[in-house]
Amino acid sequence: MKCEEEESLNDPQVYNQEGNFGLSEDGPELPQIKEEQEEVCTSQEIAQVIVKQESEEIFVWTGKERFRVLDNIWKHEEDLHCTGPHTHDIIKLEENGPVKREDSDSVTAPDEDGFSVHSSGLDSADSDDEADLSEEMYPYYDTADDYDDDYEEEEEGEEEEETEAATTLDGGRRRLRSQRSWPSANKAKRSRSEPLSVDAAAWKSEKDPDNLPHPLPHFLPTRKPGIQLPLSEYLTNLSPSKLFKMYFNWAAVKTLCANTNKNAAKNIAAGKKFKWAELTEAELYRYIGLTLYMWILKLPNIKDFWRASSIFYMPYPSKVMSRTRFLLITWNIHMSDPAEDELNDRKKGTDDYDCLHRIRPLYDSLRVACKAVYHPQKNLSVDERMVPTKAKTALKKNIKNKQKKRWIKFFVLSDNTGYTFDFKVYTRKSILATRRGLSFDAVVSLINKNCLGSGYHLYCDKFYTSPALFRHLHDLGFGACGTFRDTRIGTPKTKVNAMTKESPRGTVRWIREGALIFIKWMDTREVSVCSTMHTAFSGDTLKRMCKVGGKRRVVEVPVPSAVKDYNSFMGEADLSDQLIGSYSSWRKSRAWYVMVLYHFIDIAVTNSYLLSKELCGRLQEQPVKHQAFLEQLIAELCGVPLQSVPERYQHIPVAIVEGASGHNKASKGRRKCKLCRKCTPFMCEACRVALCVIVDRNCHKLYHSSFKDSEN
């Protein structure tokens, strides 16, 4: 963004520059032709406006006058740029007689407000000069490169609307920057990066036929989707700890232990007083197990897990590790070498500085492990994941509309099973530098054709969806589908046959532009979807509760296949977020890299559970529930086995109704026996099943002996 001095450029300077530029005494004198007369009239018009407004005490600059004057300046400058050898030829011809002039390079594109944008063609030699001129004349415009970044700020609510004011000539009248709007120059600026969609096309309905211009690419992954070797060769399901150690392998844990010991030595040398013993790999696994245990059984304070004088006393943590040792590991845990951190901190402000250096060792190893163990299914999704933190770091993003306002953002690539295949930490600095915006770079950095293959279907939300991104993915051999904003560059702006708020539920409108199709569908509100792998309408329906004849009834409502697939696969993609939110190792910490470490543990645990479900499906076994998987994982990491719960009741016969007296003792509350189907006043205390206990038949004994045989 330009500084305030540049933004508040005095308007007389603009006029003087334009007057000197158009009527310079040093410049070459052109022949007297019609174009020159028009220019002189234009400059006189500008001078009259200046004199008229300078004569008043308060300078008033209306939007129409500003646009009219700047549009004349733009037109005048374009005519000067177009002056060349071919222009002199036309001048010579016009001296002999009137000639009708037609310039094939000049393009006039009407915008929505009725104004015209005069610019040379994108392939002409003057397009860059005109674009540079537009930057000087329209300093408040957002460039197309930063357009997606503006959407990110709008969606997350990070920053408030700009309310800075720019001072006019006499300083008496101020105007908010957020109220300035120059539509024609904005579209001229955008046209450099991406052409606008043709507004002349009208929206079509579901009755109009639609076909894909090209068949969808075949699904050709680099590896067979699913679990990879050597896990795919196991004939039995692996234990949770073995699956977890596929991500937190021995080498990664060894590096983590070494850097933690170095950080503890550094803190002791700095004057902090505590006794430290070398951290080992087995002890670190126990520490990870306790962090998971503390999230499942939550207490207000960590020290409460070891407090014996409490009704909430839990003996399990003290069997795994002492309270002092657990807190010492929490204070000193470190993923990178502290000496290398100091060298990296000295590079702040340079291109060699790595803002992720403190998480780099585990960050790289975990990403490689996620890709090596599993290959994703056909349907992928890209979404963001937020890690809350209050630490002071440049990676933190402030989001005012959420309960926890400070977050570290992750861009995550997962498949329809919820498996996290790859992820990136948002660092406010684009690695690819494609100049297409944050959302474009985030998706392209996660989609690696050499690693994945081709023919995948990608689903994303409106923050990422853009025509430029979908065309790029289509060229790579990937299908794409996602919701979009109407304000995106390249989306249809026409209102011909468009959907209105009064349109009935199930109304479909669509426009196709090559491989891209823009679909709008009316549900309770308007839904906008863009896709490169769907047709407009294929006859799908869904059930909705609608008011028919004054009564609410379930009716079949037509729905585009793009909307149906988006709801299906984007919903399944949120499964990993749900699993992480249910059982997480997250604890409060002042160090941002410790918060990221806890999230790395959550990714490894969730992926391990999804691998366990995949293995159970291959072996035709019933998968365990998420909580049972975590309990077994914690017991194996901590090294303390789970104790079997003693039986609350013994299998002994008791009376169905106790306290009966007199003649009711043998008849009150009788029920049919489970085996012989005869009435009996007795039942099993543990099973609560009516069973006979008399001299000639003992159904209670027969029932429990057969029950034990079936269990064995």
Please collect all salt bridge (charged side-chain N to carboxylate O under 4.0 Å, His left out) contacts where either partner lies in residues 271-299, sequence neighbours excluded, each pair once.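 Found E283-R325.
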Gap separating the [atom1] atom of [X] from the [atom2] atom of [Y], nearest 0.5 angstrom:
| X | Y | atom1 | atom2 | result |
| --- | --- | --- | --- | --- |
| L458 | L476 | CG | CG | 11.0 Å |
| I329 | L279 | CD1 | CG | 5.0 Å |
| D602 | N607 | CG | CG | 11.0 Å |
| Q377 | F421 | CD | CZ | 11.5 Å |
| D422 | L366 | CG | CG | 10.0 Å |
| H357 | E342 | NE2 | CD | 11.0 Å |

Test item: [X] and [Y] side chains (from C-beta on) under 4.5 Å apart, heavy atoms:
| X | Y | result |
| --- | --- | --- |
| F569 | S381 | no |
| T389 | H599 | no |
| F484 | P467 | no |
| H334 | K262 | no |
| S309 | R307 | yes |
| R323 | K303 | yes |

F410 and F600 aromatic ring geometry - parallel, tilted or perpendicular at 30°/60° bounds: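 Plane angle over 60°, so perpendicular.
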Can you check side-chain contact (heavy atoms from CB on, under 4.5 Å) on V605 and L633, steps first, answer last? CA-CA 9 Å; V605 171; L633 174 62; 4.0 Å; yes
Where do E614 and L231 land on the side-chain contact (heavy atoms from CB on, under 4.5 Å) test, with the steps shown first? CA-CA 11 Å; E614 182 80 14; L231 293 180; over 6 Å; no
Please report the shortest heavy-atom distance between [X] and [Y], naming the atom on each side.
| X | Y | result |
| --- | --- | --- |
| A252 | L362 | CB-CD1, 4.1 Å |
| Y464 | L469 | O-CD2, 3.2 Å |
| P338 | K266 | CB-CD, 3.9 Å |
| T222 | N450 | CG2-O, 3.5 Å |

Would you say the side-chain atoms of D565 and H457 include a donor-acceptor pair closer than 3.5 Å?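 No.
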When you compare the side chains of D352 and T350, does any donor N or O come within less than 3.5 Å of an acceptor on the partner?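 Their side chains do not contain a donor-acceptor pair, so the 3.5 Å distance test is not met.
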Could you walk me through whether I489 and S466 pass the side-chain contact (heavy atoms from CB on, under 4.5 Å) check? CA-CA 7 Å; I489 299 177; S466 67; over 6 Å; no
Y363 vs F423, ring-ring contact (aromatic ring centres under 6.0 Å, His included): CA-CA, chis, key distance, verdict: CA-CA 9 Å; Y363 176 59; F423 57 91; 5.8 Å; yes
Where the side chain of N344 meets the backbone of D354, is there a donor-acceptor pair that is under 3.5 Å apart?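 At least one qualifying donor-acceptor pair exists.
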Under the criterion side-chain hydrogen bond (donor to acceptor under 3.5 Å, both in side chains), which of N267, N263, N259 is the partner of N332?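 Answer after filtering N267, N263, N259: N267.
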Closer than 4.0 angstrom, basic N to acidic O: yes or no for [X] and [Y]?
| X | Y | answer |
| --- | --- | --- |
| R436 | D441 | no |
| R471 | D475 | no |
| D341 | R360 | no |

Tell me whether the count of non-hydrogen atoms from other residues, nucleotides or ligands lying under 6.0 Å of NZ in K613 goes above 12.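 Atom NZ in K613 is not packed in, count stays at 12 or less.
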Y234 OH: over 12 foreign heavy atoms closer than 6.0 Å: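 It does not: Y234 OH has 12 such atoms or fewer within range.
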Check: F219 ring centroid to Y456 ring centroid under 6.0 Å: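 Yes, close enough.
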Run W306 and F326 through ring-ring contact (aromatic ring centres under 6.0 Å, His included) and show every step you take. CA-CA 11 Å; W306 286 271; F326 182 86; 5.5 Å; yes
Apply side-chain contact (heavy atoms from CB on, under 4.5 Å) to residues L284 and I333 and explain how you reach the verdict. CA-CA 10 Å; L284 184 59; I333 195 165; 4.3 Å; yes
With a cut-off of 3.5 Å and sequence neighbours excluded, list every side-chain donor-acceptor pair involving residues 240-247.
{"unit_1": "S241", "atom_1": "OG", "unit_2": "S239", "atom_2": "OG", "d": "3.4"}
{"unit_1": "S241", "atom_1": "OG", "unit_2": "E636", "atom_2": "OE1", "d": "2.6"}
{"unit_1": "Y247", "atom_1": "OH", "unit_2": "Y419", "atom_2": "OH", "d": "3.0"}

Flag this pair as yes if the NZ/CZ of K409 is under 6.0 angstrom from the six-membered ring centre of F463 and inside a 45 degree cone about the axis; otherwise no.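 Yes, a cation-pi geometry holds between K409 and F463.
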